[in-house]
Amino acid sequence: MVWDELDCIVKEKPPTSFIKDYFLGFWDYETPKVMVVKNKKLGVIYRGVQFLVITYFIWYVFISQKAYQDSETRPESSVYTKMKGTALQGDHILDMVEYVRPSEGGDVISTILRREVTHNQRQGTCAEHFTVPSANCSKDADCTSREVNFDGNGQRTGRCVPYYNQTFKTCEIQTWCPIEDYAAIWEPALTEAINFTVYIKNAIHFPKFKVLRGNIKPNKRNGQKYLNKCHYNEKEHPYCPIFRLGYIAEQAREKFSELCRTGGVIGVFINWKCDLDLDPSECTPTYSFRRLDLRKNLPSSGYNFRFAKYYSKDGEEFRTLIKAFGIRLDVIVHGHAGRFSIIPTIINTVTAMTSVGICSIICDWIMLTFIDKNDIYSDRKFDDLIQITNSSSSFDYLNSVVLGQKPKHAPRGPPGPSLGNPGLK
Amino acid sequence: MVWDELDCIVKEKPPTSFIKDYFLGFWDYETPKVMVVKNKKLGVIYRGVQFLVITYFIWYVFISQKAYQDSETRPESSVYTKMKGTALQGDHILDMVEYVRPSEGGDVISTILRREVTHNQRQGTCAEHFTVPSANCSKDADCTSREVNFDGNGQRTGRCVPYYNQTFKTCEIQTWCPIEDYAAIWEPALTEAINFTVYIKNAIHFPKFKVLRGNIKPNKRNGQKYLNKCHYNEKEHPYCPIFRLGYIAEQAREKFSELCRTGGVIGVFINWKCDLDLDPSECTPTYSFRRLDLRKNLPSSGYNFRFAKYYSKDGEEFRTLIKAFGIRLDVIVHGHAGRFSIIPTIINTVTAMTSVGICSIICDWIMLTFIDKNDIYSDRKFDDLIQITNSSSSFDYLNSVVLGQKPKHAPRGPPGPSLGNPGLK
Amino acid sequence: MVWDELDCIVKEKPPTSFIKDYFLGFWDYETPKVMVVKNKKLGVIYRGVQFLVITYFIWYVFISQKAYQDSETRPESSVYTKMKGTALQGDHILDMVEYVRPSEGGDVISTILRREVTHNQRQGTCAEHFTVPSANCSKDADCTSREVNFDGNGQRTGRCVPYYNQTFKTCEIQTWCPIEDYAAIWEPALTEAINFTVYIKNAIHFPKFKVLRGNIKPNKRNGQKYLNKCHYNEKEHPYCPIFRLGYIAEQAREKFSELCRTGGVIGVFINWKCDLDLDPSECTPTYSFRRLDLRKNLPSSGYNFRFAKYYSKDGEEFRTLIKAFGIRLDVIVHGHAGRFSIIPTIINTVTAMTSVGICSIICDWIMLTFIDKNDIYSDRKFDDLIQITNSSSSFDYLNSVVLGQKPKHAPRGPPGPSLGNPGLK
């Protein structure tokens, strides 16, 4: 190159300083050469796109998504539930020991709202229910011994017997007698259960931030008394973790009477959104309720289960079978905590800066395609360099030089270290 | 600079327009200057690497990983399970109330396949089992009173008594008598349980997309009837959520007879993969089954648990202790939903475009190291600029100008705001 | 442009070769032009920032965060728990069937440490507890019939009766009699429970890597015997999955005597950190223990639950109500597995390389703001190009050419395809 040769003259470096040059070159700073296009249309597009990208990063990434924070989801969570309330079922009083299952109070708790009770079931033989396929019979030959019908209640003995006190007959089966379908007593629903309360204690722990939070507000003075009386209400009692079943059903947009009839599974969602850059007292949970089991157009919707109480009399075991319809509460805890951290801040700032570079790609494309009708821009932007061939004419070279233009390809003297241009990197 | 001074002459701007210039400069578009190298080898490498990167993004990131979608994993899930079937155990009929625990039908349900029953246990004193360390004795002095052996069944009374109806003696202990090890009756396995069915109702909810799906196909007409009869089968009945235990064991590659013997924990995995850009009916679950507890080369493999039924007679409590071997089904729900969203699409497109830039780094390295033998490329790519010193000779400057080259460092008139070059940015 | 026109002369390409040119242009390699600034201050800053970025990537991203690995969190996990030990409660021996609930041995298991037992409760009427608001009365008129006080134990009958064997009176209620508050017997705590053991079997499965691991070391020879004797201890028995309750309480920094009094929920955390590039035997779990329920300054802290055993005598049901205080162990499994994978390695390498580019932004800013006092750098970095206007004077153009400078805006001959410069890209 012309000016590099001149450079040599000025600097007069000996060829032996090559290694030193290389080392010095290490401390050179390289920066891309930039073409400034004074085109207002393009400038407006460029700044517009830049503005959009920067706005997106500042508003969405940094302010809305809080990308400057290190975050943690899925905290360790501990849920403890306890129900309270009594209801009268005829002469029988039901307390929580009877209607809450399981008793241990974990994150899934179910309360019985309606029961179909079959008393005094004993192992023995009795008539199969008449709705079971091929259960109806007129003589013993209609019933195959040892046959088990999948929808039936037990194994057939091969006899055809009168259906309890009815005139028709069904096949006899070996089972817990009398069968539930015949003998179950449908108790009325526990409508008082609408006032039952469930106490939900939830403690979470974010291991990364070593933050421990609970959904009960510590309050020494009126603590226990307050918790004995309050019922949760978003506006009046946001820190009371005691929920009326009626409130839960209402928030889940379910009719309590309908839940009493079919049962249902309701999710109790506890959402923790903690910005740990703020005061820890800001880190409080919100509650939401939603029915979890599908019910529309679906057969066998709702929630029910069977259990039995076993007794013994004179060495013979008997049981009370209970088909229970109720509400199952699934307590589901979501959590998210964030705290300022230098590494995500740097990473996202770098990403933002890099993304601003994408504007150039868009604008270059616009410039070269739509605006650059006369190839002026592309001419200046692109510096074409054709592959070196030995046949390059010196004419080309000279013309270039004379006309103040860098030559396309410069002829050189015999290349070699002795004539190397030390000023060149 | 020379041409800038010329610029001044042409434009004739007064120095007071500095601020205006700066404002106008804001709308300038800056784009990197690019050198085009017409070297076929390099071009092929460049396009090849570009092709690889673009292929990776289009095929892997966009098509395979669906990076254009906003996604949500871990849906809220509700599982409800219910078992059905009856089995004959000698004269005793077992229905689901007896063999299913817990009865509430959550996501973990266990069914008893084999029982070791100890009847009529009462609080009292009896002989320790002979396998317990130091339980064998010949006289009272061999037994330390109040000692509790960790592997034993209770606290020693200090007496040495005959081992039930045997001739040898063991230490007497206070415990539930008779001890299980001696008195338990091994019942045969419930091989009929292979035909027991478990009904698994699963509803999921993606809160971000507000999508609610269930694993039961809504079907008004033949709904309940279908569900009463069908058994799940991947090919024939993919929408029937009723699984035979035998089918589950088979899919988990376990022998049912082996499971009856030792018990086991089997995971029922429900996988939801929902592409919400498609029709919602495409969003259906797949089921898979796998044994969860390790068993190879392991002592105490399998699954068993103990529970008791408590009775009372004449004010005295007695119990039937049951050691139950069975299958525990852990229903584990995985979910993933995706829907087209503009923000991840933009972000991933930008990332793709940025990554294409990495090709330049590779090719630059190839170019400058392997191809650029004559320094032609590096000469044109790099524009060396030496630090300004006051000793720069005007000779250098003049030569540069004459030879059509930008000078290394331009001498200037007295610098100052009044003589600022408005044409310069 | 001047040299482009010259170019045409030299190359003499016919206009018909346009498409061919375009195709050839496809194989051109484009690389940014770079200005090398030989300024040591800037070079040191540049290399310094580069060094920081590269160090961050190599040390933090690659070595510490193992970004070269494909990773999987949240393995499928199966937990099986079993407790062992006996304790003497007065004359009554308690074994695990009595103090462990639920019996099925899932990931949540609770053990009873202290009981408040109310024997022989029957459905009937008896006096309300005197602490219940408005329960104290002197005559029947003080008690409203059918009233249910939320904090009370049942529905009022409207009568005012003597409080058990006391001289004062309270309202009569219909409930399980006698009421717990009056009749419960406080049993002493099971201090022997400090030596109870819980056996925790945990198997995890990483589906992506198809890796299955358990927390029991397979050992054919001394397997079962070892598991019968060992107790977990981080140093001596790290592979023994049997934990003393006392050890758990100690690790959770809780006093066992305090836990006996109030009960508590303790999390048993099993952490799997598996680097699958190493030998699989390196993939072993670590255990940690932490109390999950909050207790400081909180009312109703601790863990307790109520359950009942139901009996029947002469057709009448009665029950033993038990309020149990105990430890609930929540087994929580965390897992993380990583294995070398080519895609994350490439992605993170590319990200690292791209991020190095950010150094230029910082150094450009420093260069143009602090160092570039004489606009030399900006002059060479930026190549200003003013928008083309028809009024551009040829004087400007000529001067530019004469002075070896690219013109700001070049006048051109009549533009059109016939005169297009095929050599230009």
Side-chain angles (χ1 to χ4, degrees), chain B residues 1-3 6 10 32-40 42-44 46-47 101-102 108 110 123 151 154-155 174-176 265 267 292-294 297-300 303 305-308 310 312 321 330 332 354-355 358 360-361 363-364 381-388 401 404-405 409 424-425, chain C residues 26-39 76 78 80 82 85-86 88 91-93 95-97 102-106 192 201 203 205 212 214 216 218 220 223-224 227-228 309 311 313 350 353-354 374-380 382-384 393 396 399-400 403-405 408 425:
Chain B
M1 296 273 165
V2 178
W3 61 265
L6 276 168
V10 174
K33 291 191 86 164
V34 168
M35 174 174 78
V36 179
V37 180
K38 292 193 177 296
N39 180 314
K40 206 157 255 177
L42 209 58
V44 169
Y46 182 60
R47 294 295 176 189
R101 289 179 75 90
V108 174
S110 63
Q123 293 275 341
D151 293 320
Q155 200 184 53
Q174 186 180 13
T175 188
W176 287 91
V265 181
L292 290 181
D293 62 315
L294 290 170
N297 309 329
L298 274 181
S300 75
Y303 173 68
F305 59 92
R306 281 185 184 82
F307 65 96
Y310 290 86
S312 178
L321 176 67
D330 290 12
I332 297 168
T354 312
S355 295
I358 217 65
S360 289
I361 296 179
C363 290
D364 272 9
K381 182 173 169 68
F382 299 105
D383 178 8
D384 281 23
L385 195 64
I386 299 165
Q387 202 168 354
I388 305 148
V401 173
Q405 191 57 42
H409 25 81
L424 278 173
K425 190 192 153 43
Chain C
F26 178 80
W27 297 108
D28 290 352
Y29 170 59
E30 295 173 8
T31 180
K33 290 190 90 166
V34 168
M35 176 172 76
V36 179
V37 180
K38 291 193 179 297
N39 180 315
E76 295 160 14
S78 160
Y80 170 59
K82 202 169 196 172
T86 51
L88 203 68
D91 282 349
H92 198 84
I93 194 98
D95 60 4
M96 57 150 272
V97 176
S103 52
E104 293 86 22
E192 298 105 311
K201 197 161 78 172
H205 179 237
L212 194 70
I216 302 176
K220 275 180 194 170
Q224 190 60 58
L227 290 180
N228 276 346
K309 293 177 184 175
Y311 309 100
K313 194 183 177 184
V350 167
M353 282 165 143
T354 312
N374 295 324
D375 284 337
I376 295 294
Y377 297 143
S378 83
D379 205 31
R380 283 291 274 277
F382 298 105
D383 178 7
D384 280 23
S393 68
D396 180 20
N399 273 293
S400 302
L403 286 155
Q405 192 57 40
K408 283 272 148 188
K425 191 192 146 77

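By convention in this document, chain letters (A, B, ...) are assigned in the order of the sequence lines, proteins followed by strands, and residues within each chain are numbered from 1.
- Heavy-atom distances place the side chain of B:S110, and not its backbone, under 4.5 Å from chain C.
- The main-chain N or O of C:E104 is found under 3.5 Å from a side-chain atom of B:Y303 such that the two form a donor-acceptor pair.
- Of the atoms belonging to C:E192, not a single heavy atom falls under 4.5 Å from chain B.
- For B:V265, the part sitting under 4.5 Å from any heavy atom of chain C is the side chain, from C-beta outward, and nothing else.
- Taking all atoms of both residues into account, the shortest heavy-atom contact from C:A203 to B:L292 is CB-O, 3.1 Å.
- Here the closest non-hydrogen pair linking C:S103 and B:F305 is O-CB, 3.2 Å.
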Exercise for the section: I would like to know whether C:V97 and B:Y310 meet side chain to side chain contact (heavy atoms under 4.5 Å, CB included); could you show each step before the answer? Expected result: CA-CA 11 Å; C:V97 176; B:Y310 290 86; 3.9 Å; yes

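- Between the B:Q123 side chain and the C:I93 main chain, a donor and an acceptor come within less than 3.5 Å of each other.
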